[in-house]
Amino acid sequence: SRAALFDAENKVKITFKDVAGLEEAKEEIQEIVEFLKNPTKFTILGGKIPKGALLVGPPGTGKTLLAKAVAGEADVPFFSLSGSDFVEMFVGVGAARVRDLFKQAKAKAPCIIFIDEIDAIGRSRSRGQMPGGNDERENTLNSLLVEMDGFATDSGVIILAATNRPDILDSALLRPGRFDRQISIDKPDINGRTQIFGVHLGPLSLAEDIDARKLAAQTPGFAGAEIANVCNEAALIAARRNKKAIDMQDFNDAIDRVIGGLEKKNKIISPEE
Ligand code: ATP
């Protein structure tokens, strides 16, 4: 169905306050919020507003969340699709989907287009190709490049894309006038994790001994997505134990469970045929 081609949210409720830590990234991306809110202020002296920025960082660190928050802060619609949806697509479908996305976005400008996992579409065209393989991905990438070049910088559409593999991206995507800005989103340090726990503990019923900083100290290497996961697991574990409030024992078990899940995921490096 047409509705399933990509996601469109007209009213985004997420703002910067929902994104914990990432202070530098927020500061850099604030510029894009201003471009969306007040484009003529920037173009008056002949300057061109950038078309897009690339959010670079490991999985689960809040790239999607931050892109959404830009839309929420600027109060503009948010269109999104994931590069992985384009893998194994029928001939012509990927390119058509990209064209359709840009057409609808332009009609709703100012707005944000967010492309998650852009490396699935945008990996370098020269990289390890099998004869006859990857043609469709290449068509999709070409249509993305054509669309990016085809709209005026004052059209009010800004494209944010996310990847954890900037090194494999086709250099055509990184050329001036395309994704010529990169914003790096790193895994949180202990202060970042404390702030992320702060956000996700907020809505929970907690025992008195629960403290964001203590939890942050126990979760080195965790990204925001894993911290959100720990908080949710702890709430479910405590509920199963018929507790009135989530205590440290529940959090310890939740942390073990999330670490277990991560270890399992890392083991599946090359699935057996
Ligand atoms: P991926 O690369 O896997 O798509 P991502 O970097 O886009 O991941 P998100 O999808 O934004 O990560 O994060 C997943 C969830 O983790 C968010 O919806 C949120 O609940 C939580 N989260 C991640 N980072 C943060 C953060 N900085 N502050 C608050 N919550 C966060």
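All residue numbers refer to positions in the sequence shown, counting from 1. Remember, it's 1-based here, ligands and their atoms both numbered in the order they're listed.
Taking every heavy atom of Asp18 and a limit of under 4.0 angstrom, the matching atoms of ligand 1 come to 28 (N), 29 (C).
Counting only heavy atoms of the protein, atom 14 (C) of ligand 1 lies nearest to Ala225 CB, 3.8 Å. In this structure, the protein non-hydrogen atom closest to atom 12 (O) of ligand 1 is Gly62 N, 3.2 Å. Among all protein heavy atoms, the one lying closest to atom 5 (P) of ligand 1 is Lys63 N, 3.5 Å. Looking only at heavy atoms of the protein, atom 7 (O) of ligand 1 is closest to Thr64 OG1, 2.6 Å. Protein heavy atom in closest approach to atom 3 (O) of ligand 1: Gly60 N, 3.4 Å. Among protein heavy atoms, the minimum distance from atom 22 (N) of ligand 1 is reached at Gly224 C, 3.6 Å. In terms of protein heavy atoms, atom 4 (O) of ligand 1 is closest to Asp116 OD2, 3.2 Å.
Summarising the local packing, CD of Glu24 is surrounded by 12 or fewer heavy atoms from other residues, nucleotides or ligands at distances under 6.0 Å.
A distance-only check finds a donor-acceptor pair linking the side chain of Arg193 to the backbone of Thr219 [under 3.5 Å]. The backbone N or O of Asn142 lies less than 3.5 Å from no partner atom in the side chain of Asn139, so there is not a single donor-acceptor pair. Listed for the Lys108 side chain is no donor-acceptor partner under 3.5 Å among the backbone atoms of Ala8. Glu73 places a side-chain N or O within donor-acceptor distance of the main-chain N or O of Phe16, the cut-off being under 3.5 Å. The main-chain N or O of Asp209 is found under 3.5 Å from a side-chain atom of Lys214 such that the two form a donor-acceptor pair.
Taking the six-membered ring where tryptophan is involved, the planes of Phe42 and Phe35 are perpendicular, since the angle between them exceeds 60° and thus also 30°.
Under a 4.0 Å N-O distance rule, the pair Glu28/Arg181 does not qualify as a salt bridge.
The part of His200 lying near ligand 1 is the side chain, judged by heavy-atom distances below 4.0 Å. With a 4.0 Å heavy-atom cut-off, ligand 1 is reached by the side chain of Ala228 but not by its N, CA, C or O. With a heavy-atom cut-off of 4.0 Å, Asn164 does not touch ligand 1 at all.
Using a 4.5 Å heavy-atom threshold, the side chains of Arg178 and Leu173 count as separate.
For ligand 1, none of its N or O atoms has an N or O atom of Ile196 under 3.5 Å away. Here's the thing with Val19: none of its N/O atoms is less than 3.5 angstrom from an N/O atom of ligand 1. Considering backbone and side-chain N/O atoms, Ala20 comes within less than 3.5 Å of an N/O atom of ligand 1. Here's the thing with Leu65: one of its N/O atoms is less than 3.5 angstrom from an N/O atom of ligand 1.
Here the straight-line distance linking atom CG of Asp85 with atom OG1 of Thr140 works out to 11.0 Å at 0.5 Å rounding.
By the 4.0 Å heavy-atom criterion, Leu66 is excluded from the residues contacting ligand 1.
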